[in-house]
Amino acid sequence: MSKLNYQEKIPNNVNLSNDMSLQRALEHWQPKFKSWWKEMGPEDFQENEVYLRTAISVDAAGWASYGKVKMPDYKWGIFLADPVKDKKIHFGDNIGKPVWQEVPGDYRSILRRLIVTQGDTEPASVEQQRLLGKTCPSLYDLRNLFQVNVEEGRHLWAMVYLLHAYFGRDGREEAEALLERNSGDEDNPRILGTFNEPISDWVSFFMFTYFTDRDGKYQLKSLAESSFDPLARTCQFMLTEEAHHMQVGESGITRMIERTLETMKHLKTDSIDTIRNTGVIDLPTIQKYINFWFSSSLDLFGSEISTNAATAFANGLKGRPDEFRFNNHCEKNTFYKMENYVNNKIVFEDVPLRNAMNEVTRVAYVEDCNIGLKRWNRLIKKYGYNDFILSLPSTKFRRNIGIWANMPIDPQGKFLKDEAYNKLLPFWLPSDDDKKFIKSLMIQQLQPGKTASWISSPKRGINNQDISYRYVD
Ligand code: BYC
């Protein structure tokens with residue numbers, strides 16, 4: 001196992017000190033990153049000591065240490081999973097050849113585009129979440145928000161390292177541009193749609209970490225299969241950190257639902273007004289937030305039928321999540337049966353599998369999203385509310401990318417007339433009134449061990465600390 005070197009200005013396990021020009025280039029980018037962090041990172045808490053975990057090794061067992069640190073002093077570094085000796089390409093047209101330690105000239109621009117797109121999401125999410133500290137429901141949640149934020153910052157470093165180390169001048173320019181685009185900026189927005197959506201309340205934050213970070217998991221798993229070995233190894237380690245982000249989302253949503261159910265049971269009511277008047281969030285509103293963030297995150301997989309995806313697979317740049325689960329790793333003359341929309345009709349079609357890679361990944365993602373939904377519905381049942389079920393909307397609902405983009409389809413997947421759709425859409429998504437209500441609940445709670453009214457307290461603290469531990473000083 002390679003040690004992470006924390007003595008250097010940029011902690012790393014890639015022997016950065018052996019490559020002076022790369023080290024200099026990254027040291028030149030580092031102050032720009034820090035200025036971006038101060039300007040666009042978490043507002044109000046830059047000088048506070050936060051109980052954060054920092055990677056100390058890249059193996060699964062005991063990879064992190066915990067301690068208090070001011071966020072601008074966090075040790076953002078470059079950590080790749082250990083190399084595998086004599087590793088071979090295991091999918092696409094080049095199966096059996098050695099993996100690449102350098103970028104093949106033919107694939108340079110497509111690979112750079114993938115790395116830039118991945119890199120762009122990381123600072124975007126920090127920007128989206130920068131004001132949430134002002135309304136945190138507890139110190140525990142505040143600390144989790146900051147943990148997610150610093151690790152997204154580290155994931156940006158991971159991609160910037162690849163750009164600097166393997167893409168010369170273009171790569172350096174792309175690394176600068178990653179700090180220049182901004183989430184929601186009209187003139188210079190982030191690349192992918194979801195990363196320009198505001199996350200202005202904690203319900204959205206938990207939904208984002210449940211649904212959008214899970215897209216991150218699936219995209220990173222696909223890139224962890226890459227024949228470009230430095231990218232594969234980088235993504236393998238990023239996945240270790242990503243798991244916590246999804247857990248923040250899942251437990252946050254569970255705690256919200258639990259609080260609502262306790263209140264419903266106590267007051268013996270499911271009246272939305274009564275529930276809201278006691279300062280908790282009614283289940284139909286939670287469903288609307290699920291509808292919004294799930295549908296937005298589905299677009300992040302790209303079009304159902306995509307030549308980009310086919311090329312990336314054929315060339316061995318991007319595989320399927322857990323490629324080893326599949327029998328055929330070439331998929332040259334194989335087909336995938338899927339729905340398409342042809343001549344104003346839904347038809348089942350055999351699509352060349354390579355072109356359907358985005359859909360294959362999306363299907364696995366939806367299945368994974370459903371695990372949380374099942375758990376939440378069990379909880380709702382446990383409290384005796386058998387009639388209410390939370391569900392994922394149809395994958396055709398409110399899409400902006402791919403076959404179903406901009407079609408008047410309801411959450412059950414049924415086509416409606418445009419007029420009916422436009423009239424009903426505001427009822428399926430958080431309305432202005434819903435957002436106003438949610439905003440009214442977002443009151444900062446900074447007392448150790450105390451939790452806001454709308455969400456139950458966490459069951460366990462971080463790293464065996466007590467729930468009432470002062471996670472942020
Ligand atoms: N919004 O053939 P198409 C994460 C563009 S999240 C706007 O349909 P393709 C994280 C696409 O870029 C994971 N544009 O799809 C989570 C292309 O444009 P260009 C991020 C979109 O290329 C939480 C055009 O449409 N990682 O890590 O097969 C917090 C046609 O593309 C969208 C990655 O995304 C959209 N939703 O697949 C922090 C992995 N969708 O290139 C972090 C790297 C598509 O022709 N990226 N377009 O100008 C990729 O693998 C692919 O770019 C995509 C799209 C999967 C995103």
Using a cut-off of 6.0 Å, state whether more than 12 heavy atoms not belonging to [X] lie near its atom [atom1].
{"X": "Arg470", "atom1": "CZ", "value": "no"}
{"X": "Asp432", "atom1": "CG", "value": "no"}
{"X": "Lys75", "atom1": "NZ", "value": "no"}
{"X": "Asn464", "atom1": "CG", "value": "no"}
{"X": "Glu39", "atom1": "CD", "value": "no"}

Do you know which of Phe292, Phe294, Phe301 makes ring-ring contact (aromatic ring centres under 6.0 Å, His included) with Phe211? Phe294
Can you tell me which residue among Phe205, Trp376, Tyr289 is in a ring-ring contact (aromatic ring centres under 6.0 Å, His included) with Tyr210? Trp376
Could you walk me through whether Leu178 and Glu180 satisfy the side chain to side chain contact (heavy atoms under 4.5 Å, CB included) test, starting with their C-alpha distance in whole Å, then the side-chain angles of each, then the deciding distance to 0.1 Å, before giving a yes or no? CA-CA 6 Å; Leu178 286 171; Glu180 284 159 11; over 6 Å; no
Residue list, side-chain hydrogen bond (donor to acceptor under 3.5 Å, both in side chains) with Asp299, at least two apart or on another chain: Arg399
Go through the structure and list residues passing side-chain hydrogen bond (donor to acceptor under 3.5 Å, both in side chains) with Asp473, not counting sequence neighbours. Lys68
How about Trp36 and Trp29: are their ring centroids closer than 6.0 Å? no
Ring centres under 6.0 Å, that's the criterion: do Trp37 and Tyr74 meet it? no
What I'd like to find out is whether the side chain of [X] reaches to under 4.5 Å of the side chain of [Y], using heavy atoms alone.
{"X": "Phe228", "Y": "Val99", "result": "no"}
{"X": "Gln23", "Y": "Ile10", "result": "no"}
{"X": "Leu22", "Y": "Tyr161", "result": "yes"}
{"X": "Met238", "Y": "Met159", "result": "yes"}
{"X": "Lys70", "Y": "Val50", "result": "no"}
{"X": "Met442", "Y": "Leu132", "result": "no"}
{"X": "Leu111", "Y": "Leu162", "result": "no"}
{"X": "Tyr365", "Y": "Cys369", "result": "yes"}

If you look at every heavy atom in [X] and [Y], which pair is closest and at what distance?
{"X": "Tyr218", "Y": "Thr361", "result": "CB-CG2, 4.0 Å"}
{"X": "Asn291", "Y": "Arg398", "result": "O-NE, 4.5 Å"}
{"X": "Leu80", "Y": "Ile78", "result": "CD1-CG2, 4.0 Å"}
{"X": "Arg259", "Y": "Ser453", "result": "NE-O, 2.7 Å"}
{"X": "Leu446", "Y": "Cys136", "result": "CD2-SG, 3.7 Å"}
{"X": "Cys235", "Y": "Leu220", "result": "CB-O, 3.6 Å"}

Does the side chain of [X] pick up a donor-acceptor pair with the side chain of [Y] at under 3.5 Å?
{"X": "Asn149", "Y": "Gln129", "answer": "yes"}
{"X": "Ser138", "Y": "Thr451", "answer": "no"}
{"X": "Ser297", "Y": "Thr194", "answer": "no"}
{"X": "Glu152", "Y": "His245", "answer": "yes"}
{"X": "Gln219", "Y": "Asp215", "answer": "yes"}
{"X": "Ser468", "Y": "Asp466", "answer": "yes"}
{"X": "Trp202", "Y": "Thr135", "answer": "yes"}
{"X": "Asp434", "Y": "Ser431", "answer": "yes"}

Restricting to pairs with a member in residues 140-149, which pass salt bridge (charged side-chain N to carboxylate O under 4.0 Å, His left out), not counting sequence neighbours? Asp141-Arg255
Give every residue pair that meets the salt bridge (charged side-chain N to carboxylate O under 4.0 Å, His left out) criterion with at least one member in residues 236-246, sequence neighbours excluded. Arg154-Glu241
Decide ring pair (Phe, Tyr, Trp, His ring centres under 6.0 Å) for Phe397 and Trp428; before the verdict, give the C-alpha distance in whole Å, the side-chain angles of both, and the deciding distance to 0.1 Å. CA-CA 10 Å; Phe397 171 66; Trp428 296 320; 5.7 Å; yes
Any ion pair linking [Y] and [X] (charged N to carboxylate O, less than 4.0 Å)?
{"X": "Asp201", "Y": "Lys439", "answer": "no"}
{"X": "Glu304", "Y": "Arg362", "answer": "yes"}
{"X": "Asp368", "Y": "Lys217", "answer": "yes"}

Tell me whether the NZ or CZ atom of Arg320 lies within the 45° cone about the ring axis of Phe91 and under 6.0 Å from its centre. no
Is there a salt bridge (Lys or Arg N to Asp or Glu O under 4.0 Å) between Glu176 and Arg172? Walk through the geometry before answering. CA-CA 6 Å; Glu176 304 268 316; Arg172 289 195 294 278; over 6 Å; no
By ring-ring contact (aromatic ring centres under 6.0 Å, His included) - contacts of Tyr469 (at least two apart): Tyr51, Tyr471
How would you list all residue pairs meeting ring pair (Phe, Tyr, Trp, His ring centres under 6.0 Å) that involve residues 170-197, not counting sequence neighbours? Phe195-Phe208
Residues Ile95, Lys88; criterion side chain to side chain contact (heavy atoms under 4.5 Å, CB included); working and verdict: CA-CA 7 Å; Ile95 290 180; Lys88 300 284 190 294; over 6 Å; no
Is there a salt bridge (Lys or Arg N to Asp or Glu O under 4.0 Å) between Glu43 and Lys134? Walk through the geometry before answering. CA-CA 8 Å; Glu43 197 167 290; Lys134 293 172 184 291; 3.1 Å; yes
Using the rule given for side chain to side chain contact (heavy atoms under 4.5 Å, CB included), can you reason through Leu163 versus Val116, listing the C-alpha separation, both sets of side-chain angles and the distance that settles it, and then say yes or no? CA-CA 8 Å; Leu163 290 170; Val116 166; 4.0 Å; yes
Inter-residue atom distance Asp229.CG - Thr234.OG1, 0.5 Å rounding: 9.0 Å
Separation of Ser125 OG from Arg190 CZ (nearest 0.5 Å): 9.0 Å
The test is salt bridge (Lys or Arg N to Asp or Glu O under 4.0 Å); show your working for Asp93 and Arg354 and say whether it passes. CA-CA 11 Å; Asp93 290 338; Arg354 285 181 174 186; 2.6 Å; yes
Taking it one step at a time, do Arg130 and Glu127 satisfy salt bridge (Lys or Arg N to Asp or Glu O under 4.0 Å)? CA-CA 5 Å; Arg130 66 188 290 263; Glu127 292 166 357; over 6 Å; no
